[in-house]
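Worksheet: one structure, shown below.
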Amino acid sequence: MNSLPNRILKHREIWLAAAIALLVGLIAMRFPAFARLGNLLTVFNDTSILIILALGQMVVILTRSIDLSMASNLAFTGMLVAMTNAAFPAIPVPVLILTAMFVGAALGAFNGILVWKLGIPPIVVTLGTLTVFRGATFVLSGGAWVNADRMSPAFIALQRSAFLGLPILSWFAICAIALFYVIMTRTPFGRSVYAVGVNPTASVYAGIDVGRTKFLAFCISGLVAGLCGYLWVSRYVIASTEVANGYELSIIAACVIGGVSIAGGLGSVAGAVLGALFLGIIGSALPVVNVSPFWQMAISGGAIILAVVLNARGERRQGRIILKKAAAA
Amino acid sequence: APAYAQDNVKIALVVKSLGNGFFDAANKGAQEAASEIGGVEVIYTGPTSATAEGQIEIVNSLIAQQVDAIAISANDPDALVPALKRAMDRGITVISWDSGVAPEGRQLHLNPSDTDLIGETIIKLAADRLPDGGDVAILSASSTATNQNAWIEAAKKALPEKFPKINLVTVVYGDDDSVKSTNEARGLIASHPDLDAIIAPTTVGVVAAAQVVTDQNLIGKINVTGLALPSEFKQFIDNGASQAVALWNPIDLGYSAVYLSHALATEKAKAEPGAKLSIGRVGEVTLDDTNAAAMAAPFQFDKSNIEEFSKIY
Amino acid sequence: MSTTELAHNRHIPDRLDNPLRSALFSWETLLILVAVAIFALNSLASPYFLNAWSLSDLTFNFVEKGLIALAMALLIIAGEIDLSVAAIIALSSTIMGMAVQAGVDTPGLVLIGLGVGLACGAFNGLLVTKLGLPSIVVTIGTMSLFRGIAYIILGDQAYRGYPASFAFFGQGYVWWVISFEIVLFVIMALLFWFLLHRTSFGRMVFAIGNNPVAATFSGVRVERIKFILFCLTGLMAGVASVLLTSRLGSTRPSIAQGYELEVITMVVLGGVSILGGSGSIAGVVLAAIIMGLVTFGLGLLNVPGIVMSIFIGLLLITVIALPILWRRLRERQGA
Amino acid sequence: MMHTTIRREQLPEETRQASPRFSLSGISKSFPGVRALNKVALSLYPGQVTALIGENGAGKSTLVKIMTGIYQPDEGEIAIDGEGVSLPAAHSAFVHGISAIHQETVLFDDLSVAENIFLGHAPRTRFGLIDWSRMRRDAREVLEAMGASHIDPDTRLRELGIANKHLVAVGRAMSIDARIVIMDEPTAALSAKEIEELFLLIEFLKSQDKAILFISHKFDEIYRIADRYTVFRDGEMVGEGMLAGTSQNEIVKMMVGRAVDHIFPERHPTIGAPLLSVSTLSHPTEFDDISFELRKGEILGFYGLVGAGRSELMQAIAGMTRTSKGTISLDGKAIASRSAADTVAAGIAYVPEERGRQGVVIGLPIFQNVSLPSLKRTSEFGVLKLASEFQLARRYTERLDLRASSLSQDVGTLSGGNQQKVVIAKWLATRPKVIILDEPTKGIDIGSKAAVHGFMAELVAEGLSVIMVSSELPEILGMSDRVVVMREGRIVSIRENKGLDAETLVRLAAGIAA
Ligand SMILES: Nc1ncnc2c1ncn2[C@@H]1O[C@H](COP(=O)(O)OP(=O)(O)OP(=O)(O)O)[C@@H](O)[C@H]1O
Ligand SMILES: Nc1ncnc2c1ncn2[C@@H]1O[C@H](COP(=O)(O)OP(=O)(O)OP(=O)(O)O)[C@@H](O)[C@H]1O
Ligand SMILES: [Mg+2]
Ligand SMILES: [Mg+2]
């Protein structure tokens, strides 16, 4: 009953991976080049930013919260580092990246403090900061864009340069996946994130500070958004107020497709990554197979609904069992 | 009727979205016109994202401010008509420039250049480098942008007669959004392995396409051309991702928009088919049947002159 | 709780405090003050503000979103949410556009617009109530789905050519500066106020939001009411779609982009608890007006829209945080 | 520690040498409206099992929560090995080597068994990371030691039955190398075999010199495993001593024979014809083959231990849950529909057990709570008539002697007892023929209890029929005309309440042969 194959099939991630493989297979039938390793790596590279963001959002959602401000945080930090780079091209890029992560984490901490200390529902807090952060981006830049011509070559080149045949951007994603995997599965903090989401009351009994855990989760999502601020701006070589506008919902969608339960406590690094890849593959495959790109939105919407329905099936809660004969059966 | 009692003639320059370098340059020209004419106040405004709803809210507040004229580069030719009509009903002069609105929503439209000429030029930029012919694709801005659609129509018309060896494989839309344009450019390259050139008649799209070609090491294989601001695009001429691009002078365009708005608002000129209107230092234009006028021919930038122009706009 | 102990007489009064007095310290009063302050500031800041036509134009900034907010308030009070409303506007507008091409006339268009809204709402409602799914994810999904269908139908095209009579809904005036839109909003606000605060349906909505289990135990048909609320929200999105389409005179699939968050902001600013169970229509109407005043007022000063949103965002957080801080402070003093 | 030295003088010879490992003294704790603990004391000795005995609501679990740092006492001292300590959070109890199995299974449904056991104190690798393979191994060891090797440490807790969940909770307590082990009704959901294994484990812990607190309502278990006893009644400590030499009857008297008991109302029931009849009602997992009749003007008491399935049965009768088999009929007419709304319409009212979750709608004022199931009567064409709502609310709340400052007060601001009155008023206002009261006086003070009991008597005198589910013996004995005893989802006995005594009922409910 608990044989290995059985246990593996219980994991929804396996199903999602199978669905993705099937999807790639279907696309390859019409356009074989799509399934070539080189192209798949390109798709992965193109999806890297979404993957990293989805990982941050996952941590927040696991604690029964939600962070709607990630895309705005990204725009703000992206603009900040782009302007810093334009004004002081001499500052080395790694320093800028660290700055971006720090600023992002600070914005996340602002959300987190409001959730932790004032007990304002996360959705309200981040709905507010969603507009505040983006507005602040406009104020910061005075509405002007920072274009390629104002960025230093190193700023643009870093994530494009390759290491072991893979672009650095992909390495960022790979490192993030590895790091989040370790954090979520192997550290007390990671496990307390799950515990808080599964059962806040029981977490208190187990000696976990629920509010503080949520606070740290928001710091992480902020930090990740800050990092992606740099990655986004240097990837698309433009920093503007409109950067990643509305992207918060794509991030959440990636998590949801990946089986992260909005009610908290359920979800995995693999799931979030696969959810993001699913969206990424659809996005890059549609133009290739000559399906009008106008189908993309409807397809991802359908995928979200399907994913939620399937996940809900798997989660059907059982009642308690009082009758001895039923318990034995 | 315009309020002569007030010292200043207030002219609103409404752009598709704030922050776009092309419009910032146009604003420069607008301010030049204002100080040249004297007694003119230019309000430079636009939504943050290029939507018609955003522009409508702005038009409403401009009506309330009782500006004397609105010169708009529209995000949608139809959706803005009701709001602009209302502005005209309240005695405000309305013209469109760059990207037009339907004739009933404005008094005149100022095309930066002759539509057919632009259409032909963007193809020619690509064709010049493809003596044996080849596949080209167009990366446009928003699918509702009037000017883009008109140019693409003109380009398609010019193809069979003047460039028989050039094969236009597809038209995609990047919505003047860097991310969307980048993704569309990638899609083009992936789905058309034999592509020789990407033509982007939009300053946002052309930069995105050139960046993608640079990133994917396709310099020399795919030539990016289109309409580009020299200051934003210089690096791609330098690195060879593009051989040449074209554009008109956005400064002159903004200048002319304000100049014409002022002339109409102060009733120094009248917009009617066939009228010849002066636009100060730029010269003069003639209105066609739909009260539209075209300015000069697009100007080409390549290795020889981009350095010089990138310092101007 | 000393009053509890002292109430030895068997008579329990209906209410202790004077309703006028409690109204004086309510959320709505706070919002009225805020609205009046912004109104005053606007009049001081711009000479163009105090003008019948300006005030009339101002209403266009919030009416369509406000109409949806009325229904959304009920939905959020019942503990659910609908993020797909803007997408419903787009889909409904697109179908109306198709109908125009097919030669349908104004009354038919309105029916189609409302019908599509209702159908979309019902679809959301079915997913949430029949399958027991969380509404926030369901509607994130349908948000892409509905707008996606609009994109599939329209692609890079736009529908125009609406009949002239159709323009009345979004551009017409009932009398002088009084537009059809604002009249409709006032009527709808009254209807929703009545529905929420004066009918047993509204009472059950509150009960569901506060404690769905206890409501079920009390014989309230929780699922059915939630379904109706989703339908109602969809229907109001359909109404907004008719107005907006008429006002724009054309349809693009990107119409009403981002409206959902503005609608929810209105609802929350109006004092509706995002966790469900409390709120009032008066608050939502006031919040809609405040948002209209802020955006229009700053617009008159040519402040970019994005800067206005900072004000709205800060207003939202502060207004929610203040009562909490206030309670903290009092508890600390009490302890 | 003066307190403990004095106490030691009174102890029997064999324990006098040992000083208490863990002692609490003068502990009080109040909740809004309830004084759960009043200056209680408790001592645990190394190598001994102390049984804490008391009726439902006596304050046992509250004390456990204080001992584990989850609640903070209003007053009193806690000492470990004679040294005063404070336990400001759950974590500090951990640090002091206190581990507990709580009454409500406070576990994590979506985490694995191993993790449920080790959350918060998982084994780490050299790099400070959680060592999963060791954690699994350790978990398997813990489970094996408890004789629960059939539980796979890798399964998600959700997939386990309630008995196995309870074993995991026990395992969690075992996994901490604790010196003090607390078990709040650990056997409530276990089968006989598992209970045997648990007892072996407790014997083992005893041999390891741990101090153990054992809470149970089952006397056979207490006598098998415990060395000492402490009895609580209504939040006070009423006795303690060595179990050996103390008879079960003495203890039952300590816990039920209340000195300051309130007097149950005098009743002269005129019992009529059968009104509600339930026949062979079954549910796949909760109850089986339930048949009984409720007669007009009768109070039918349902007795059983916690978890006997009475609440589930009543909720099924009230239309809240689906049944697999059987019929319910009222006045000879079968009730076909299966939704709460229809049951209310038919004339059956169910006053649920979990007042906070299922009963009151906190956030709404009193009068709106009362009128909620009767909205059809207080409205016209769906439009509310405020005046008639107030009138309805006043009629029933004043009759129940509700203590509130006004009817517009939020029910959340009322004390537990008064909230309960609102819930009862709400159901009476539906003018039912049958009213089912599930633990009607749970968690309410003695004064309010009397009011509720008096009111029940009035109701039946007016011809209403009452089903009263209660775990409180005095209430069952004092109020019922007949008593149904349930155990493990089945009816074990239906008796007239004449000459019934508490011990008989306790035996029946716990399955102890008389
Ligand atoms: N969090 C709380 N808020 C309010 N009242 C509470 C709370 N916890 C317990 N009580 C009340 O305190 C009293 C003691 O409850 P406790 O759970 O300690 O009883 P117990 O002896 O464990 O009963 P049982 O045998 O049913 O488990 C009860 O009246 C209960 O209603
Ligand atoms: N197996 C279990 N799993 C979870 N909770 C349980 C279990 N058994 C009992 N409980 C808890 O104990 C409470 C009482 O159980 P239940 O209602 O099934 O039995 P009952 O016979 O009605 O007991 P009561 O005397 O408390 O009414 C429930 O509210 C439930 O929270
Ligand atoms: Mg207990
Ligand atoms: Mg019960």
Side-chain angles (χ1 to χ4, degrees), chain A residues 30-31 33-34 36 38-39 42-43 45-47 49 75 79 134-135 137-138 141-151 153 156-157 159-162 167 169 232-247 250 280 283-294 296, chain B residues 15 17-24 27 44-51 54 137 143 169-170 172-193 203-204 207-208 210-212 214-217 228-236 238-239 241 306 310:
Chain A
R30 275 188 74 172
F31 195 84
F34 189 84
R36 262 192 232 125
N39 185 61
T42 312
V43 172
N45 193 51
D46 290 349
T47 317
I49 293 180
M79 177 60 80
R134 199 168 284 281
T137 314
F138 184 88
S141 63
W145 298 355
V146 180
N147 280 314
D149 53 308
R150 289 176 60 204
M151 297 177 190
I156 299 171
Q159 61 162 273
R160 293 178 164 75
S161 42
L169 177 60
W232 187 291
V233 163
S234 68
R235 174 161 184 72
Y236 297 108
V237 223
I238 187 158
S240 85
T241 311
E242 287 298 290
V243 151
N245 201 359
Y247 207 60
S250 305
S284 51
L286 290 183
V288 173
V289 292
N290 258 331
V291 171
S292 141
F294 299 116
Q296 174 171 352
Chain B
V15 300
S17 69
L18 290 178
N20 188 330
F22 178 82
F23 293 117
D24 287 346
N27 181 34
Y44 175 61
T45 177
T48 338
S49 54
T51 65
S143 55
V169 291
T170 186
V172 294
Y173 300 91
D175 286 348
D176 264 354
D177 172 293
S178 289
V179 177
K180 184 129 196 289
S181 305
T182 303
N183 291 339
E184 291 297 340
R186 288 216 183 91
L188 279 179
I189 293 169
S191 48
H192 302 282
T203 56
V204 177
V207 171
Q211 186 71 49
V212 169
T214 309
D215 288 352
Q216 302 200 352
N217 293 324
L229 266 184
S231 59
E232 286 177 7
F233 201 70
K234 174 175 173 292
Q235 50 178 323
F236 299 112
D238 290 348
N239 77 7
I306 189 123
S310 68

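Order of the sequence lines fixes the chain letters, A, B, ..., with proteins taken first and strands second; residue numbering starts at 1 for each chain.
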Say you draw a straight line from [atom1] of [X] to [atom2] of [Y]; how long is it, rounded to the nearest 0.5 Å?
X: T214(B); Y: R160(A); atom1: OG1; atom2: CZ; answer: 8.5 Å
X: Q159(A); Y: D215(B); atom1: CD; atom2: CG; answer: 8.0 Å
X: T42(A); Y: I189(B); atom1: OG1; atom2: CD1; answer: 11.0 Å

Nearest heavy-atom neighbours spanning [X] and [Y]:
X: W145(A); Y: S17(B); value: CZ2-OG, 4.1 Å
X: F138(A); Y: L18(B); value: CZ-CD1, 3.9 Å
X: E242(A); Y: T48(B); value: CG-O, 3.3 Å

Portion of [X] that has a non-hydrogen atom of chain B nearer than 4.5 angstrom:
X: S240(A); result: neither
X: F34(A); result: neither
X: D46(A); result: side chain

Decide yes or no for F233(B) and N147(A): does some side-chain heavy atom of the first lie under 4.5 Å from some side-chain heavy atom of the second? no
Under 4.5 Å from any heavy atom of chain A, what part of [X] do you find: side chain, backbone, both or neither?
X: Q211(B); answer: side chain
X: V204(B); answer: side chain
X: S310(B); answer: neither
X: N20(B); answer: both

Determine the option with the most heavy-atom pairs under 4.5 angstrom with chain A, choosing from K234(B), R186(B), E184(B), Q235(B).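 Highest number of pairs under 4.5 Å: R186(B).
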Max heavy-atom pairs within cutoff under 4.5 Å with chain A, candidates S178(B), S231(B), S49(B), A190(B), goes to S49(B)
Can you list the steps and then say if Y247(A) with V179(B) is a side chain to side chain contact (heavy atoms under 4.5 Å, CB included)? CA-CA 11 Å; Y247(A) 207 60; V179(B) 177; over 6 Å; no
